[in-house]
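Please read the structure below before turning to the comments.
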Amino acid sequence: MDAKSYNAALADLRAVRDQIKKARAALAKQEADRDKRIMQLAAHEKATAQRIAPAAGLSVADVVALVPDLAPDNLAVDDLPPQAPEPSAAAGAGIGGSTPAPPQHAAAAPTMTPAPARPALSEAAPPEPPVASEAPRDLPSIPTGGVGDAWFTHTSGLASTRPNFTQQARSTVFLDTATGVLVHRSQTHHLDLANRSAADLLTAVFHAVPEGVERIYITAGDPWHRDTGRYPYLRDAVAAWLNAPTPGWRTDTGRGRDRMAGHFVHARNPVGRYQRDNSEQHVEIRSVGEWFDVDGDDPATVRDAFVLLWQALRRHWSDAVVMGSPSQTGRDLWTRTIPQRGQHSDGFPVLSEELRGLLHATAGQGRNELLTPPRVPEQLPQLVEYDRTFAYAKHTWKSPVGTPRRITAHTFSAWSEKEQMRALYGCGHWQVRVTVPETWNHVGLLPAPAPGDRAWHYPAEPGTTFTTWAGGPEIHTALTNPLMPWKVEILDGILWDDGKPLDDWAKKLKETWSNLSAQAHFQGDAQQARAAHLASRAVRSILLYGIGAFAQRPRMVTGTTPRSAERDVPPDAEIIGFDDESITWQKPTGFARDPNAHPEWAAAIWSGARAALLTQRHRDDDTYAGALHSPPGTVVAFRTDALYLTQPHDWPHHHQPGDYLLRGHLTGPVTAPTTEEELLTLRDAGRAALTAEQEA
């Protein structure tokens with residue numbers, strides 16, 4: 001084959017690729033329509049899977065998978081499609097009860113089988129050999145010997161240091177794309193947004209405010225959702241909106257110290273980054289949903305909220321700037337609390353990429369679990385929602401610092417009981433083998449890997465054994481919980497010194513939050529009170545997403561390439577869209593050389609927050625709160641920092657971070673939710689009912 005034939009064959013191959021892409025999109029749309037029609041038919045009182053299946057061109061099992069209520073009494077187990085491991089009676093929420101295979105280790109692991117008051121430790125048997133699992137998701141382990149020991153270091157030349165520059169503010173406007181109302185400083189404009197495409201927004205905004213706009217916050221209207229009916233997934237519709245042609249503009253390639261290149265595709269809160277052709281003018285289109293939930297608030301109120309936020313932050317940071325997102329703002333403010341002298345004035349080194357990858361894979365975030373019948377009654381006597389106020393701020397007082405140490409099973413077993421307990425109470429991340437007590441009848445205590453990317457469940461079936469990773473707060477809870485101790489065997493671990501790298505930052509944010517919350521409560525003007533409330537929610541987001549930003553997940557970059565330059569598409573990129581002018585692609589970039597990447601801090605805070613959902617002591621009131629202080633069978637769901645119960649509790653609430661706030665109360669009988677959508681519907685109804693009761 002000569003060069004000419006080769007190039008011609010490439011062109012033919014690209015044409016076939018385009019046809020396949022279009023065919024797949026059309027097929028996905030038709031399959032979604034088919035599934036929707038099946039679910040509509042299932043509402044008929046005489047509907048059966050046997051009649052619907054041939055009409056849909058599916059098997060009976062496929063129809064049952066879509067609509068479980070249509071399952072015939074005589075459908076054999078072998079006829080069902082492959083699923084996650086079979087749940088036990090106590091597993092609930094469709095969570096599998098099979099145990100992932102534990103990894104192999106060179107040394108034996110000590111068994112921790114404590115009495116309720118004082119744990120006692122002894123030698124454990126070696127790990128069992130791997131067993132087969134239907135759909136395992138194995139967590140990584142630290143390699144044995146010198147290979148694994150080499151992970152316990154920092155990345156050369158990479159550390160968090162105090163910035164020596166002043167962050168620049170960006171000229172910002174606030175736009176309601178549903179009404180066309182644009183607020184810029186003290187001015188209000190009414191725009192014609194035509195079809196609400198990105199090009200229409202940019203044209204209208206820069207016609208009304210010709211110079212200087214660098215950030216456009218969308219307060220309402222969600223223009224990126226305008227064509228959702230044309231796409232099988234919401235994210236696809238957003239990507240299409242972001243990458244549609246914008247005459248006179250191109251996708252931004254980034255600039256400055258906070259360089260962020262390309263669009264960020266997110267189903268709810270995307271970011272469009274554009275640069276004017278033949279100019280250095282840059283602009284972002286963002287959603288205020290990143291900062292707080294807007295409930296019919298007009299752009300002027302949202303603008304006032306950002307002004308109040310900036311003023312409140314300036315009381316603690318003289319050079320504070322509200323950046324594009326809460327996570328960017330949070331990390332920028334944190335860097336400005338790094339000591340200028342004394343300990344840590346030279347910065348906080350970043351862990352090796354291997355340890356960061358391990359923490360990324362083994363340290364989950366919030367606990368999200370729905371317990372369904374028979375673990376809870378089919379008819380709930382009531383549904384009560386408790387939300388931990390500003391929860392993560394409660395767990396920032398202690399964080400890992402220094403060079404991490406590896407604590408093997410052999411090392412741990414050689415320590416005294418006092419040394420072991422000190423290590424477990426410290427800043428550590430542990431690989432453990434866990435056994436649920438034979439008489440256990442409450443919720444699960446420790447996360448275990450479930451099938452699916454970054455999915456976790458919480459085994460509670462008596463006698464279940466599983467291998468996982470967990471932080472010190474959760475290990476402590478498993479050993480000393482108020483009901484009965486669990487058996488925990490240390491297989492491997494990472495241990496840091498205790499430090500306070502986030503304490504000053506968090507204290508300033510907590511004080512800012514308290515001041516804005518007080519303004520919202522005592523402010524006489526309704527609009528300013530609402531603005532202060534939104535600003536206090538923004539402070540919560542700064543801390544919440546700032547902590548999440550320390551985790552530094554591997555990034556996915558989205559880009560566009562002109563069809564005429566198709567060979568410039570990165571070879572490892574996935575093509576996610578195209579038109580006659582351009583190709584849209586995405587590719588993973590792994591871990592960037594981010595000087596502020598500290599997943600060990602995020603992991604420690606998340607572990608503490610999950611543990612506090614189970615049990616939390618209120619010293620001033622000499623009492624405890626949490627799921628384990630509610631009777632068995634009364635816990636309906638966990639949702640990050642919220643707890644849903646079937647009965648109310650007189651838990652103390654002093655408007656302090658971590659306190660359990662009563663957010664919703666729905667009187668029964670209430671049909672137990674079996675999906676997240678049903679839970680959220682009940683949540684909204686419960687909040688409305690409680691508000692009405694309090695206002696009556």
Checklist entry - Angle class for the Trp505/Phe550 ring planes (parallel below 30°, perpendicular above 60°, tilted otherwise)? => result perpendicular
Next on the checklist: Quick one: does any side-chain atom of Arg639 pair with a main-chain N or O of Asn368 as donor and acceptor, under 3.5 Å?
Outcome noted: no
Next on the checklist: Does Ile285 form a side chain to side chain contact (heavy atoms under 4.5 Å, CB included) with Tyr274? I'd like the steps, not just the answer.
Outcome noted: CA-CA 8 Å; Ile285 300 178; Tyr274 303 92; 3.9 Å; yes
Item to check | Note, Leu242 side chain near Thr251 side chain (heavy atom, < 4.5 Å) | outcome: no
Item to check | Working for side chain to side chain contact (heavy atoms under 4.5 Å, CB included), residues Leu614 and Leu445 | outcome: CA-CA 8 Å; Leu614 297 168; Leu445 303 186; 3.9 Å; yes
Checklist outcome for this item: So CZ of Arg422 and CH2 of Trp415: to nearest 0.5 Å the spacing works out to 9.5 Å
Checklist entry - Any donor and acceptor pair, going by atom type alone, linking the side chain of Arg286 with main-chain N or O of Gly324 inside 3.5 Å? => result yes
Next on the checklist: Using only atom types and a distance under 3.5 Å, with no angle test, would you say the side chain of His266 pairs donor to acceptor with the backbone of Arg268?
Outcome noted: yes
Item to check | Geometric class of the Trp334/Phe348 ring pair [parallel <30°, tilted 30-60°, perpendicular >60°] | outcome: tilted
Item to check | Nearest-0.5 Å distance that lies between atom OG1 in Thr335 and atom CH2 in Trp317 | outcome: 10.0 Å
Checklist entry - Minimum heavy-atom separation for Trp151 to Ser141, with atom names? => result CH2-O, 4.0 Å
Checklist entry - Is Asp149 salt-bridged to Arg405, going by a charged N under 4.0 Å from an acidic O? => result no
Item to check | Test item: Trp456 and Leu446 side chains (from C-beta on) under 4.5 Å apart, heavy atoms | outcome: no
Checklist entry - Which is it for Thr153 and Ser352 under the side chain to side chain donor-acceptor pair (under 3.5 Å) test, yes or no, and what are the steps along the way? => result CA-CA 6 Å; Thr153 183; Ser352 69; over 6 Å; no
Checklist outcome for this item: Taking every heavy atom of Tyr217 against every heavy atom of Met323, the minimum-distance pair comes out as OH-O, 3.5 Å
Next on the checklist: Can you confirm whether or not the ring centre of Trp601 sits under 6.0 Å from the ring centre of Trp496?
Outcome noted: no
Checklist entry - In terms of ring plane angle, is the pair Trp486 and Phe466 parallel, tilted or perpendicular, where the classes change at 30° and 60°? => result perpendicular
Next on the checklist: Thr166 vs Asp319, test: side chain to side chain donor-acceptor pair (under 3.5 Å). Steps then yes/no.
Outcome noted: CA-CA 7 Å; Thr166 300; Asp319 54 353; 5.4 Å; no
Item to check | Pairwise side-chain contact, Ile142 with Phe152, heavy-atom cut-off 4.5 Å (strictly under) | outcome: yes
Item to check | Side-chain (Arg617) to main-chain (Ala625) donor-acceptor, under 3.5 angstrom | outcome: no
Checklist outcome for this item: Minimal heavy-atom distance between Ala320 and Leu313, with the atoms involved, is CB-CB, 4.0 Å
Next on the checklist: Evaluate Glu290 against Asn269 for side chain to side chain donor-acceptor pair (under 3.5 Å), listing each step before the verdict.
Outcome noted: CA-CA 6 Å; Glu290 295 180 85; Asn269 298 312; over 6 Å; no
Next on the checklist: If we ignore hydrogens and angles and just use 3.5 Å, is the side chain of Asn481 paired with the main-chain N or O of Ala478 as donor and acceptor?
Outcome noted: yes
Next on the checklist: If I take atom CG from residue Leu309 and atom OG1 from residue Thr329, how far apart are they, to the nearest 0.5 angstrom?
Outcome noted: 7.5 Å
Item to check | Contact summary for Thr468 and Ala448, nearest pair of heavy atoms | outcome: OG1-CA, 3.8 Å
Checklist outcome for this item: Rounding to 0.5 Å, atoms OG (Ser399) and CD1 (Ile605) come to a distance of 5.0 Å
Checklist outcome for this item: Between the CZ atom in Phe390 and the OG atom in Ser536, the distance rounded to the nearest 0.5 Å is 9.0 Å
Next on the checklist: Tell me if the aromatic rings of Trp430 and Phe412 count as close, with their centers under 6.0 Å from one another.
Outcome noted: yes
Checklist entry - Phe306 vs Phe292 aromatic rings, parallel, tilted or perpendicular, using cut-offs 30° and 60°? => result tilted
Next on the checklist: Rounded to the nearest 0.5 Å, what separates atom CG in Asn596 from atom OG1 in Thr161?
Outcome noted: 7.5 Å
Checklist entry - Does some side-chain heavy atom of His154 sit less than 4.5 Å from a side-chain heavy atom of Pro404? => result yes
Checklist entry - Is the shortest heavy-atom distance from the side chain of Ser160 to the side chain of His598 under 4.5 Å? => result yes
Checklist entry - Backbone N or O of Tyr624 within a donor-acceptor pair of the His618 side chain at under 3.5 Å? => result no
Item to check | Where Leu234 and Ala267 come nearest, the two heavy atoms and their spacing | outcome: CD2-O, 3.7 Å
Checklist entry - What closest approach, in Å, do Lys510 and Pro657 show between heavy atoms, and which atom pair accounts for it? => result CD-CG, 3.7 Å
Checklist entry - How far apart are the C-alpha atoms of Ser325 and Gln328, what are their side-chain angles, what is the distance that settles it, and do they pass the side chain to side chain donor-acceptor pair (under 3.5 Å) test? => result CA-CA 5 Å; Ser325 70; Gln328 289 176 302; 3.3 Å; yes
Checklist entry - Passes salt bridge (Lys or Arg N to Asp or Glu O under 4.0 Å), Arg162 versus Asp346? Steps please. => result CA-CA 8 Å; Arg162 191 181 183 97; Asp346 56 348; over 6 Å; no
Checklist entry - Hey, are the side chains of Val271 and His263 touching, using non-hydrogen atoms and a 4.5 Å cut-off? => result no
Checklist entry - Hey, does the side chain of Arg537 reach the backbone of Trp291 with a donor-acceptor pair shorter than 3.5 angstrom? => result no
Checklist entry - With distance as the sole test, does Thr396 use its side chain to make a donor-acceptor pair with the main-chain N or O of Asp503 at under 3.5 Å? => result no
Checklist entry - Any side-chain heavy atom of Val434 within less than 4.5 Å of one from Lys487? => result no
Checklist entry - Is the side chain of Arg356 donor-acceptor paired with the backbone N or O of Glu600 at a distance under 3.5 Å, no angle test? => result no
Next on the checklist: Please check if the number of heavy atoms outside Lys398 that lie under 6.0 Å from its NZ is greater than 12.
Outcome noted: yes
Checklist entry - Are any non-hydrogen side-chain atoms of Leu502 and Thr337 less than 4.5 angstrom apart? => result no
Next on the checklist: For the backbone of Leu613 and the side chain of Arg388, can you confirm whether one donor and one acceptor N or O come within less than 3.5 Å of each other?
Outcome noted: no
Item to check | side chain to side chain contact (heavy atoms under 4.5 Å, CB included) evaluation trace for Leu139 with Thr467 | outcome: CA-CA 9 Å; Leu139 297 181; Thr467 300; over 6 Å; no
